[in-house]
Each structure stands twice: as structure tokens, then as C-alpha cells.
Amino acid sequence: MTKPTLGSLEVFDDIASISRQACDDLIPLCCDAIAARGVCRIALAGGSTPKLLYRLMAENQQAFDWAKIELFWGDERNVLPEDDDSNFRMVREAMLDHVPIPEANVFRVPIDPADPAATALQYEATLKAQFGGDSLQWDLVLLGMGDDAHTASLFPQTTAIDSSDRLFVENWVEKFDTFRQTLTAPAINSARNVWFLIGGAGKREALQHVWGDRQAPAEFPSQLIRPSAGKLRWMIAIDAMPETA
Ligand code: 6PG
């Protein structure tokens with residue numbers, strides 16, 4: 001069976017069951033973080049896979065102490081918050097519009113489509129200010145993965161992959177002919193918990209490579225995710241599990 005070389009693996013029937021389990025586990029995770037540090041800091045994933053999880057968090061909003069939860073974005077598209085492609089908009093419609101989270105606890109990436117470099121520097125400064133330094137000890141980073149093995153907006157053969165002295169950067173993605181904004185691998189790997197939520201047959205081959213013996217993060221950027229002291233969790237729908245499973 002092809003398994004991850006790092007982290008725990010749980011296989012689910014589908015994205016719906018992943019989302020329910022993730023929502024159930026988020027409740028104690030947030031409670032424990034707030035009890036220990038007075039705040040729970042989460043970096044949200046974009047794309048389509050986590051949308052149901054965000055909806056479930058809204059449906060179970062009474063279980064969360066929203067006044068002590070801070071939400072950030074692990075990556076964002078180079079578009080304004082009202083744009084269809086905006087990860088912020090996706091989360092707003094799925095969750096933020098329905099829960100009593102203080103606006104001051106929602107840290108949107110302040111996209112200026114004309115100046116991606118300035119956008120990244122501004123968000124990086126916000127992260128450092130909120131965390132009180134360069135070590136972003138997230139309570140949780142949620143990640144998806146593309147069928148090209150990218151995660152967050154760390155795409156194959158892009159400059160952000162090699163970034164080791166930054167926390168958040170603009171990243172030119174040739175195949176989309178646009179910039180993305182993304183946490184760097186070091187900024188993700190300082191998390192206490194990192195959960196990959198992955199589903200869809202189109203991701204099988206990518207997972208085969210990511211979990212394979214050949215380490216080539218420039219080709220398979222999800223291989224960069226190796227929490228230094230935190231826990232890595234793969235929550236995988238059966239249709240995304242590699243053939244040789
Ligand atoms: C984004 C994401 C990205 C996403 C993958 C998977 O902004 O698109 O953050 O990393 O997680 O592309 O996307 P799906 O969940 O839509 O398959």
C-alpha cells in the first residue's frame with residue numbers, strides 16, 4: 001500500500017465524511033488552543049475541497065468560541081475579495097457571513113492586483129505582528145492539493161518553492177499567467193497541526209508521487225510540507241488513494 005512517509009493517514013469514503021470528521025476534530029482543537037494560549041489561529045485552505053468543512057463550522061457555530069479564533073488565508077488568488085475566484089469570498093459565503101466572529105479576527109490577504117509584491121509584504125507584516133515574530137506557530141494549517149501536487153499556492157517549478165527567508169510571498173504561476181499569494185513552506189512547517197484534505201480521482205497520481213521514494217519538491221511541492229515539531233495528518237477520500245493502495 002502506498003502510504004505517506006510522514007504523518008498519519010486516514011482514508012474516508014468521500015469529501016463529505018472528511019469534512020464531518022475535520023469539523024468534529026476542530027472543536028476540541030480550538031478549545032485546547034484557547035485554554036492553553038487564549039487564542040486559536042488557523043490558516044484556511046482555498047479551492048473547492050474545504051468549502052463543506054466551512055459550511056459545517058457555520059452549522060455548528062455554537063461549538064466554537066469565535067471571539068478567540070483568528071482566521072488567516074494560507075493562499076489567495078490575485079483578485080479582489082468580491083471576485084468569484086477569491087478564496088476570501090468562498091470562505092465568507094460558506095462561513096464568515098453566518099458566524100459571530102469579530103471582524104478584527106479575520107485576516108484577509110489585502111490583495112492589490114497591481115502590486116503583488118507589496119500585498120505579500122503587507123500580509124507578512126500582519127502575520128509577524130499577530131504572532132509576535134517570525135515563528136508562525138499555527139494551531140492548524142488546512143491544506144488541499146492540486147492534481148499537479150501543488151499545495152497552498154506552492155506550484156511546481158515556481159520561485160516560492162525555494163523561499164526560505166520569507167513567510168508569505170507573491171508567486172508567479174506561468175500556467176495561470178498570473179500571480180498567487182502564498183505562505184511559504186517554512187511558514188507552514190512551523191504549525192502545531194497541518195491537515196491535508198484531499199479528494200478526487202484526479203489527485204491519485206499526484207499523491208503517488210508525493211508519497212513516493214523520489215524526493216523532488218520542485219516537481220511535487222506537497223513534499224515540502226514536513227512540520228518541524230507539529231503533527232501532519234492526511235485525510236484522503238478513497239477515490240484519491242493511489243492505485244497501488
Ligand atoms: C487554491 C488552493 C489550492 C487548492 C488546490 C486544490 O487557492 O486553489 O488553496 O492549493 O487547495 O488547488 O483545489 P481543490 O480543492 O479545488 O481541488
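The structure presented is a predicted model; accordingly, all values stated were derived computationally and were not measured. Start at 1 and go down the list; that is how both ligands and their atoms are numbered.
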| Think R41 forms a cation-pi with W138, using NZ or CZ under 6.0 Å from the six-ring centre and within 45 degrees of its axis? | no
Heavy atom of the protein closest to [atom] (residue, atom name, distance):
{"atom": "atom 6 (C) of ligand 1", "value": "M145 O, 3.5 Å"}
{"atom": "atom 15 (O) of ligand 1", "value": "T49 OG1, 2.6 Å"}
{"atom": "atom 13 (O) of ligand 1", "value": "G47 CA, 4.0 Å"}
{"atom": "atom 8 (O) of ligand 1", "value": "R77 NH2, 2.7 Å"}
{"atom": "atom 11 (O) of ligand 1", "value": "G144 CA, 3.4 Å"}

| Using the ring of each side chain (for Trp, its six-membered ring), is W234 parallel, tilted or perpendicular to W211, with breaks at 30° and 60°? | perpendicular
With backbone taken as N, CA, C and O and side chain as the heavy atoms from C-beta onward, which portion of [X] lies under 4.0 Å from ligand 1: side chain, backbone, both, or neither?
{"X": "L143", "value": "neither"}
{"X": "D75", "value": "side chain"}
{"X": "S153", "value": "neither"}

| Does Y123 have its ring centroid less than 6.0 Å away from the ring centroid of W73? | no
| note | Under 4.0 Å from one or more heavy atoms of N87, ligand 1 contributes atoms 1 (C), 7 (O)
| query | Can you check whether R180's main-chain N or O pairs, donor with acceptor, with D75's side chain at less than 3.5 Å? | reply | no
| task | State if E76 counts as touching ligand 1 under the rule of any non-hydrogen atom under 4.0 Å. | result | no
| Would you say the side chain of S153 lies within less than 4.5 Å of the side chain of Q181, judging by non-hydrogen atoms? | no
| field | D239 vs D14 side-chain heavy atoms within contact, under 4.5 Å | value | no
| Among F168, F131, F88, F72, the one residue meeting ring pair (Phe, Tyr, Trp, His ring centres under 6.0 Å) with F107 | F72
| note | Among A152, S48, G200, the residue with a heavy atom nearest to atom 14 (P) of ligand 1 is S48
| field | Options K51, R180, K203, H150, ranked by nearest heavy atom to atom 5 (C) of ligand 1, top entry | value | H150
| request: Please determine if R89 and D83 form a salt bridge, counting it only when a charged side-chain N lies under 4.0 Å from a carboxylate O. | output: no
